[in-house]
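Notes for the one structure printed next.
Not measured: the values here are computed from a predicted model. Just so it is clear: chains get the letters A, B, ... in the order the sequence lines come, proteins before strands, and each one is counted from 1.
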Protein chains: 2
Amino acid sequence: MPKVTLEHFAQRKQQILQDCIVCFSRKGFHQTSMRDLCEALNISAGGLYRYFGSKEEIIHAMVEEDHTQWLSAFSTLSPDLSFRDSLVALAAMAEQIYTTSREINSVWLQIHAESASNPTVQKLIEQHYRSFSKMLEQVIKRAQARRELTSHFSAAVLASFIISAFDGLMMRMVVDSTVSSKKLSRDFVNIITQLTDNREDAA
Amino acid sequence: MPKVTLEHFAQRKQQILQDCIVCFSRKGFHQTSMRDLCEALNISAGGLYRYFGSKEEIIHAMVEEDHTQWLSAFSTLSPDLSFRDSLVALAAMAEQIYTTSREINSVWLQIHAESASNPTVQKLIEQHYRSFSKMLEQVIKRAQARRELTSHFSAAVLASFIISAFDGLMMRMVVDSTVSSKKLSRDFVNIITQLTDNREDAA
DNA sequence: TTTTAAAAAACGAACATTCGTTCTTTTTAT
DNA sequence: ATAAAAAGAACGAATGTTCGTTTTTTAAAA
């Protein structure tokens, strides 16, 4: 009779996805052929297509992978943390997500670029940012309520700004190899917290 | 006898480059074939190859195009401006560069992604940021000398931060169609200036 | 325990297209 | 008449995907 796999299948699929990420980060989606993938993963074409029905499907899976990774990371964030500590924790998550497998960085950037010409990807990313923004706004609003963060700017605008700054940092890390992510992200946290902390707004 | 073109040639080349940018922004470098370009530009393969020796060459030309555009924009920046006004002016330049031809945004993002797998592009971009950073540091140092800007952070770090924030903003504009660049970039200038202005550092 | 049947998993040659580029030819403008 | 400019057919290589075949794995039958 058959083989009673299920989680085994999912596990293998996950492993394949990770390997694909490495390949894509090195050569780019559209420069990496299915043949390239097969060779690198030691799998045949037919084998690979059992796990992902198309190249597109792999791309979508990568977006969702990153999305869920961030969701679960965010869920571990205690509401009791100060604004600064929340930021520090988020930066640490970014460290962990984006440097334990350094390749994700480049793939994530590629996905953003892809979204300009790929409506499906665009929709996935937009939705990712929507929920991500929401969560960050919660943190900001709590900090503002506690008066440890200036209320000069709306939570939505601040969230947008912070996300952009870190997206830009990620971009920079891909482009400039001399950037030390650890040092820079710490600098960024310092700047943001210093710049947003509450001082009896004497402007 | 020959045709005495020269600037005519350069002019046509520039026009072709602009049209390529539009095409690439809609479909992406690697999804846009030379045939696609030829059809869209109403030119033959042989004709196109007279202006650019390869697809790569077009990409390089786009990077350099953006680079020189920013260089000339920066050179118009008066040293007498306050820090805030300098930022406002820079944001206005970004507005002008990135919204008069909205497509450049997406292409610029693609170029960043490309740099991860294309050493030549990576080198071009790295060099672009190097000179861009230098110029911004000048502005920051002047503002710090005038004591209208906190000296809590080094000019290099601040420059890095500001560039990242605006790169991230650009990225966001590509990904999220609902973003109003005008409003957001103004918010960003407000945040940065508020957060970096000099108050007798009572921390 | 060994055999066996059946299905899942993996393989890899083959498919029709499409790719970037070249090259010969034709047109255009002096 | 001459040479630059444009054209577009043609090239081999490479693309994503399919599909018939082989291998492996499993659990019931012997």
Taking the six-membered ring for Trp, are B:Trp108 and B:Tyr129 parallel (under 30°), tilted (30 to 60°) or perpendicular (over 60°)?
->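 Ring orientation of B:Trp108 relative to B:Tyr129: tilted.
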When the nearest nucleotide of DNA chain C is assigned to B:Gly46 and to B:Lys55 on a heavy-atom basis, which residue is associated with the more 5' position?
->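 Looking at DNA chain C, the more 5' nearest nucleotide goes with B:Lys55.
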Which part of the nucleic acid, if any, lies within reach of A:Tyr51 when heavy atoms closer than 4.0 Å are counted: base, sugar-phosphate only, or nothing?
->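 Result for A:Tyr51 = sugar-phosphate.
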Out of [options], whichever nucleotide has its closest atom nearest the side chain of [X]:
X       : options               : answer
A:Tyr49 : D:dG16, C:dA9, C:dT21 : D:dG16
B:Ser44 : C:dC15, D:dA6, C:dC19 : D:dA6
A:Arg35 : D:dA6, C:dA10, C:dA14 : C:dA14
A:Ala45 : C:dG12, D:dA7, C:dG20 : C:dG12
A:Ser33 : D:dT17, D:dG16, D:dA7 : D:dG16

Can you tell me how far NE2 of A:His30 sits from CZ of A:Phe24, rounded to the nearest 0.5 angstrom?
->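 Separation between the atoms: 9.0 Å.
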Interatomic distance, [X] [atom1] vs [N] [atom2] [rounded to whole Å]:
X       : N      : atom1 : atom2 : value
A:Leu48 : C:dA9  : CG    : C1'   : 13 Å
B:Leu41 : D:dA6  : CG    : P     : 12 Å
A:His8  : C:dA10 : NE2   : C1'   : 13 Å
A:Met34 : D:dA13 : CE    : P     : 23 Å
A:Leu37 : D:dT17 : CG    : C1'   : 13 Å
A:Lys13 : C:dA9  : NZ    : C1'   : 15 Å
A:Arg12 : C:dA9  : CZ    : C1'   : 10 Å
B:Gln31 : D:dG16 : CD    : C1'   : 13 Å

Salt-bridged, B:Arg35 to B:Glu39, with N to O below 4.0 Å?
->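 No salt bridge links B:Arg35 with B:Glu39.
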Does a side-chain N-to-carboxylate-O contact under 4.0 Å join A:Asp167 and B:Arg172?
->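 Judged by the 4.0 Å cut-off on N to carboxylate O distance, A:Asp167 and B:Arg172 do not form a salt bridge.
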Measure from the ring center of A:Tyr51 to the ring center of A:Phe9 and say whether it is less than 6.0 Å.
->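 Centroid distance A:Tyr51-A:Phe9: below 6.0 Å, so yes.
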Presence of B:Arg50 side-chain N/O under 4.0 Å of D:dA6 phosphate oxygens OP1/OP2 |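 The answer is yes; a side-chain N or O of B:Arg50 sits under 4.0 Å from OP1 or OP2.
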